[in-house]
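Read the structure below first, then the notes.
The chains referred to below are lettered A, B, ... by the order of the sequence lines, with proteins before strands, and numbering in each begins at 1.
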Protein chains: 2
Amino acid sequence: MTDDYKSKKVISIGVVKELTGLSERQIRYNEERKLILPDRTANGTRKYSFSDVETLVKIAEKREEGVQSYEISQEMRKEKKEGEAQMRRNMIRGQLNAHFRTKR
Amino acid sequence: MTDDYKSKKVISIGVVKELTGLSERQIRYNEERKLILPDRTANGTRKYSFSDVETLVKIAEKREEGVQSYEISQEMRKEKKEGEAQMRRNMIRGQLNAHFRTKR
DNA sequence: CGTGTAAGGAATTCTGACACG
DNA sequence: CGTGTAAGGAATTCTGACACG
């Protein structure tokens, strides 16, 4: 009710391994290339979110197609920008709706 | 996209401890009393869902009020029944809607 | 009843590195 | 570039039990 379960970083690498079918090495490598950014607990253990898991699967698919990390990184940057633009449009729409509901 | 993040059992007891503020002992005790049922990994490590975490918090609140495990258990059984009844009503409603949309 | 704790073992995770290609 | 692996250490988790009340 309070949190966003999808983006909360609570999953250890062992579970991510199960969920994605990737090796720990592969999972960590994606962090090395900045494609995912897990949190760390106090003692340094990586914690991933369900979002991270989904991202990892998508990355793995790209790589199987022969796409290199740098290009994947570029695509993700682009998608992120588009998502943010969409978010801005939605917020403006919300503002307008609120305005007309109040004013008239 | 495919799974229900809220009910997927992927969280280890250490994280549940952080999330709820309860001790490991307290968390395990609730399992002993059958108030929550975490999954187990191959080697026996407990895995909880976000739902379990929410349930644990609610249980802890009840206990602070002095309610005993058995009564908490009864209340939960009751709430579960009500939830299922509501689910059945919703499904029947869906059936009816589908029927009328098709037949006329 | 609900929770703390010491005990000993088993499995997890981490980093830096060497290897292959 | 992407991934496997052996290495050694640090932290996690588990169970059964004794304790207090």
Problem set entry | Any R28(B) side-chain nitrogen or oxygen under 4.0 Å from OP1 or OP2 of dC14(D) | yes
Exercise. Do side-chain atoms of K9(B) reach the backbone of L37(B) as a donor and acceptor pair under 3.5 angstrom?
Worked result: yes
For this session: Starting at atom CG of L56(A), determine the distance to atom P of dG2(D), rounded to an integer number of angstrom.
Result: 14 Å
Problem set entry | Of the listed nucleotides dG2(C), dT3(C), dT13(C), the one nearest the side chain of Q26(B) | dT3(C)
For this session: For the pair N97(B) (side chain) and G94(B) (backbone), establish whether a donor and an acceptor sit closer than 3.5 Å, ignoring hydrogens and angles.
Result: no
Measure all distances between protein nitrogen or oxygen atoms and nitrogen or oxygen atoms of nucleotides 16-19 of chain C, and list the pairs falling under 3.5 Å.
none

Seminar exercise, completed: Checking N1-N3 plus N6-O4 or O6-N4 for Watson-Crick, or N1-O2 and O6-N3 for wobble, each under 3.5 Å, the partner of dA7(D) is dT15(C)
For this session: May I have the distance from K62(B) (atom NZ) to dG2(C) (atom P), rounded to whole angstrom?
Result: 14 Å
Exercise. Does T45(B) place a side-chain N or O at less than 4.0 Å from the phosphate oxygens OP1/OP2 of dT12(C)?
Worked result: no
For this session: Round to a whole Å and report the spacing from NZ of K17(A) to P of dT3(D).
Result: 15 Å
Exercise. Rounded to whole angstrom units, what separation is found between the CD atom of E31(B) and the C1' atom of dC14(D)?
Worked result: 11 Å
Exercise. From M87(B) CE over to I92(B) CD1, what is the distance, rounded to the nearest 0.5 angstrom?
Worked result: 12.5 Å
For this session: Enter the distance from L22(B):CG to K17(B):NZ here, rounded to the nearest 0.5 Å.
Result: 11.0 Å
For this session: Could you state the atom-to-atom distance from CZ of R63(A) to P of dG2(D) in whole Å?
Result: 5 Å
For this session: Look at all strands and tell whether S12(A) reaches a base, only sugar-phosphate, or nothing, counting heavy atoms closer than 4.0 Å.
Result: sugar-phosphate
Exercise. Separation of R40(A) atom CZ from dA10(D) atom P, in whole Å?
Worked result: 17 Å
Exercise. Whole-Å distance between dG4(C) C1' and E32(B) CD?
Worked result: 14 Å
Exercise. CD1 of I13(B) versus P of dT13(D): gap in Å, rounded?
Worked result: 7 Å
For this session: Could you tell me whether the phosphate oxygens of dG4(D), OP1 or OP2, come under 4.0 Å of any side-chain nitrogen or oxygen in S23(A)?
Result: yes
Exercise. Rounded to the nearest 0.5 Å, how far does CD1 of I59(B) lie from OG1 of T20(B)?
Worked result: 10.5 Å
Problem set entry | Of R33(A) and K47(B), the one whose closest DNA chain D nucleotide lies more 5' | R33(A)
For this session: Can you tell me the pairing partner of dC20(D) across any strand shown, Watson-Crick or G-U wobble, with both distances under 3.5 angstrom?
Result: dG2(C)
For this session: Report yes if at least one side-chain N or O of Y29(B) is closer than 4.0 Å to OP1 or OP2 of dT3(C); otherwise report no.
Result: no
Seminar exercise, completed: Between Y29(A) and the options R25(A), R33(A), E31(A), Q26(A), the side-chain hydrogen bond (donor to acceptor under 3.5 Å, both in side chains) test singles out R33(A)
Problem set entry | Below 4.0 Å: OP1/OP2 of dT12(C) and any side-chain N or O of N43(B) | yes
Problem set entry | Short side-chain to backbone donor-acceptor contact, S73(A) and S69(A), under 3.5 Å | no
Problem set entry | Note: R28(A)-E32(A) ion pair, threshold 4.0 Å (strictly below) | no
